[in-house]
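Numbers restart at 1 for each chain; the letters A, B, ... are given by sequence-line order, proteins then strands. Hydrogens, waters and symmetry mates are skipped; everything else that's a heavy atom, side chains included, is used.
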There are 2 protein chains.
Amino acid sequence: MRPMSLPVGLPAIADSDLVGQIARILMQAIVQGRLPPGSKVVEAGIARELGVSRAPVREAARLLEKQGLLVASPRRGFFVRKLEIRNIDEIYDLRLCIERHASVLAARRLTPESRDMLRRQIDVLHRTADLDDPARQVEEDYRFHRLIFEIADNRRLLRLFDDLAAELRMVIGLIGRLYDDPHEIARTHEPLLAAIETGHPERITAHVDYHIGHAWREVGKLARACAAGRHYR
Amino acid sequence: MRPMSLPVGLPAIADSDLVGQIARILMQAIVQGRLPPGSKVVEAGIARELGVSRAPVREAARLLEKQGLLVASPRRGFFVRKLEIRNIDEIYDLRLCIERHASVLAARRLTPESRDMLRRQIDVLHRTADLDDPARQVEEDYRFHRLIFEIADNRRLLRLFDDLAAELRMVIGLIGRLYDDPHEIARTHEPLLAAIETGHPERITAHVDYHIGHAWREVGKLARACAAGRHYR
DNA sequence: CAAGATTAAACTGTCGACAATCGACGATTA
DNA sequence: TAATCGTCGATTGTCGACAGTTTAATCTTG
């Protein structure tokens, strides 16, 4: 009965959901660096290239706009969002805010089953660390945090997190590899889960602050370096 | 060097923004109770009635979907979101979460000017209380809280607040009058501002909790009564 | 008479077309 | 020479149309 936590990313059975497919294609193009930040997304061009009309392309663009990957300028079209430090800071600021909240909620609603799901996901993180597949690592990391939001049981909070995560994926995709030691990514989740298990709000928020704050600093550092090095024409 | 565009606040040439106009019309229709919760929004019907084509109606609907007033069901169309208690609780839960955060941020960034803006808005609230215009009262209340988010200076946070507020407006519109004593609405803002002026995070969050929590309980109570009394066919 | 099958109407998803608007480029003028 | 104006191509906003799907209505059939 429950949506069964669709992994937003890759497999993506192509139903007759044309808009969704186009959105995914565009998203990939953005993350992979074609369609560089700041570039214009011409509806007719995309449509011609994909062999469809402008209508579904337009809707897909609106979808990506909602997720923050594109920005719309009336009568001028859609543009790939630039990689601004300010924007990244705003994303992480908001993420920190809602993840603190979600973690406290999750602790309050924690059951033995949900606790095990979190623990298993940490195991997955450890196993994934050996694969040397950064994209997969980011994906599994995302799943862990998404689990927290699912347990918190506020659909709106979950949707918001998904949107933020989508945008972060773009950022991380543009930046490239995130962690040097993929095992560290797994290890750092354990004290977080431990804190949640205690149920103490202050301890939980402190750990979330540390965990997310760490990612914030890392991504910020890389983004700054990236922005300084790369020049968009 | 500088073109020196006239700083005169030109009223921003009346929208040729068809989509925005349609969105506003639909929003009014929803709040006023035509288009009752759960009812279907037929694109062609709206389009015919307004003398436009389906394209802009569709986009307007997507806009209202993003704001949470409508829900989209693939290949079935748009429906006016039902007034579920769960949904209201989720909205207020999220609002409480981000308003705590925004208030602490605002306190950190508070300047004499921004402090005065908040104070003046409280005065406006007092003056509005005499007018016996509930809609206006809600609007000015919204303005005060929006100011806090503006001062917090996180565009994403602000946009999120605007979306939540839009949905709350619908809820409140459906429920009807909110406060019996409109002056109370103004008074309760003063200790909140005072707390922000102190700059103590714990004191601020405590006051936000009280302030928003109060509204949450009020709205929840009325919504429950409303949902119990009214039956949608 | 009720439940399932069948058909018709209504509606969404998608398409191609056209006019209004934007941005770039070059002409004009001081 | 620099700034402004007009022109032209490119692109978005909007439109009406059509096909496939969903919903409602009607017709079976046990």
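- The phosphate of C:dT14 (OP1 or OP2) has no side-chain N or O of B:Arg54 nearer than 4.0 angstrom.
- Within 4.0 Å of B:Val57, counting heavy atoms only, lies no atom of the nucleic acid at all.
- For the residue pair A:Asn87 / B:Arg155, no side-chain donor-acceptor distance below 3.5 Å is found, with atom types taken as modelled.
- Between the A:His101 side chain and the A:Cys97 main chain, no donor and acceptor come within less than 3.5 Å of each other.
- Within the 4.5 Å cutoff, the side chain of A:Leu118 has heavy atoms near those of the A:Ile148 side chain.
- Summarising the geometry, the separation between CD on A:Glu43 and P on C:dC15 is reported as 13 Å, rounded to the nearest angstrom.
- Here A:Ser53 does not reach the OP1 or OP2 of C:dT14: none of its side-chain N or O atoms lies under 4.0 Å away.
- Using a 4.5 Å heavy-atom cutoff, the side chains of B:Pro36 and B:Val80 are not in contact.
- Each of A:Val52 and A:Pro74 has a nearest nucleotide on DNA chain C; the 5'-most of these lies closest to A:Val52.
- Atoms CZ (A:Arg58) and P (D:dC15) sit 12 Å apart, rounded to a whole Å.
- For B:Arg75, taking side-chain heavy atoms from C-beta onward, the closest of the listed nucleotides C:dG13, D:dT14, D:dG13 is C:dG13.
- Note: CZ (B:Arg62) to P (D:dG13) measures 16 Å, nearest angstrom.
- Straight-line distance from the CD atom of B:Glu59 to the P atom of C:dT12: 16 Å, rounded to whole Å.
- Look at CZ on B:Phe78: it is 16 Å from P on D:dT22, rounded to the nearest Å.
- In this structure, CG of A:Leu18 is placed 15 Å from P of D:dG20, rounded to the nearest angstrom.
- Relative to the side chain of B:Lys40, the nucleotides D:dT12, C:dT14, C:dT12 differ in distance, and C:dT12 lies closest.
- Between A:Glu49 atom CD and D:dT11 atom C1' the separation is 17 Å, expressed in whole Å.
- Residue B:Gln21 contributes atom CD, which lies 10 Å from atom P of D:dT14 at whole-angstrom precision.
- Checking each of A:Glu140, A:Glu139, A:Arg146, A:His145 against A:Tyr142 for a side chain to side chain donor-acceptor pair (under 3.5 Å) leaves exactly one that passes, namely A:Arg146.
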